[in-house]
Chemist: 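First the structure, then my questions, so here it is.
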Amino acid sequence: MLVDTIFYIIGLLMTFYSYALIIYILLSWFPNAKESSFGQTLARICEPYLEPFRKIIPPLGMIDISPLVAILVLNIARNGLQTLSTMIA
């Protein structure tokens with residue numbers, strides 16, 4: 001039971017982190033939004049995770065698809081965690 005709770009909490013945190021990444025990406029559409037205190041806080045949370053993906057995946061012209069790949073990898077990890085949780089239970 002404790003293991004299920006731990007997996008649930010980690011999965012929930014991964015979901016919230018995915019939402020934070022999406023919000024951070026959307027902030028780039030608004031002028032000066034990333035420079036706000038909210039934008040800077042999200043940058044401190046999201047950039048360490050996004051940076052390795054940006055090093056691997058170059059931008060396509062003006063479009064940076066590395067955040068989409070980062071969210072996809074996070075969702076795959078969350079689904080793997082859920083599968084592992086059901087296998088243990």
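Position 1 is the first residue of the sequence; numbering continues from there.
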Chemist: Measure the CG-CZ distance between Leu12 and Phe7 for me, rounded to the nearest 0.5 Å.
Modeler: 15.0 Å
Chemist: Could you state the interatomic distance from OH (Tyr8) to CD (Gln82), rounded to the nearest 0.5 Å?
Modeler: 10.5 Å
Chemist: Could you go step by step and tell me if Val3 and Thr5 meet the side-chain contact (heavy atoms from CB on, under 4.5 Å) rule?
Modeler: CA-CA 5 Å; Val3 174; Thr5 304; over 6 Å; no
Chemist: What's the separation between atom CD1 in Ile6 and atom OG in Ser85, rounded to the nearest 0.5 Å?
Modeler: 10.5 Å
Chemist: Can Val69 and Ile56 be said to form a side-chain contact (heavy atoms from CB on, under 4.5 Å), step by step?
Modeler: CA-CA 11 Å; Val69 175; Ile56 296 170; over 6 Å; no
Chemist: Looking only at non-hydrogen atoms, find the nearest pair between Ser36 and Ala33 and report the distance.
Modeler: OG-O, 2.7 Å
Chemist: So, Tyr17 side chain and Ile45 main chain: donor-acceptor pair closer than 3.5 Å or not?
Modeler: yes
Chemist: To the closest 0.5 Å, what do you measure between CG (Leu50) and CG (Asp64)?
Modeler: 8.5 Å
Chemist: Check whether Thr83 reaches the backbone of Asn79 with its side chain - one donor and one acceptor, N or O, closer than 3.5 Å.
Modeler: yes
Chemist: Can a donor-acceptor pair be found, under 3.5 Å and without considering hydrogens, that links the side chain of Thr15 to the backbone of Gly11?
Modeler: yes
Chemist: Check the pair Asn75 / Ser18 against side-chain contact (heavy atoms from CB on, under 4.5 Å), numbers first and verdict last.
Modeler: CA-CA 8 Å; Asn75 286 335; Ser18 294; 3.5 Å; yes
Chemist: Are Met87 and Ile76 joined in one hydrophobic group, where the rule is that I, L, V, M, F, W and Y side chains link up if heavy atoms are under 4.5 Å apart?
Modeler: no
Chemist: Is Tyr49 reaching over with its side chain to a backbone N or O of Ala70, donor-acceptor style, under 3.5 angstrom?
Modeler: yes
Chemist: Using 0.5 Å steps for rounding, measure from the CG atom of Leu42 to the CZ atom of Phe38.
Modeler: 4.0 Å
Chemist: State plainly whether one hydrophobic cluster holds both Leu68 and Phe53, where clusters connect Ile, Leu, Val, Met, Phe, Trp and Tyr through side-chain heavy atoms under 4.5 angstrom apart.
Modeler: no
Chemist: Check the hydrophobic clustering (I, L, V, M, F, W, Y; side-chain heavy atoms under 4.5 Å; chains of links allowed) and say if Ile88 and Leu81 are grouped together.
Modeler: yes
Chemist: Check the surroundings of atom CG in Leu26: do more than 12 heavy atoms from other residues, nucleotides or ligands lie under 6.0 Å from it?
Modeler: yes
Chemist: Which pair of heavy atoms, one from Ala20 and one from Cys46, lies closest together, and at what distance?
Modeler: O-SG, 3.8 Å
Chemist: Any salt bridge between Glu47 and Arg54, counting N to O under 4.0 Å?
Modeler: yes
Chemist: Would a hydrophobic clustering, with Ile, Leu, Val, Met, Phe, Trp and Tyr connected at side-chain separations under 4.5 Å, put Leu72 with Ile57?
Modeler: no
Chemist: Going from NZ on Lys34 to CH2 on Trp29, what distance comes out if it is rounded to the nearest 0.5 angstrom?
Modeler: 12.0 Å
Chemist: Under a 4.5 Å side-chain heavy-atom rule over Ile, Leu, Val, Met, Phe, Trp and Tyr, are Val73 and Leu21 clustered together?
Modeler: yes
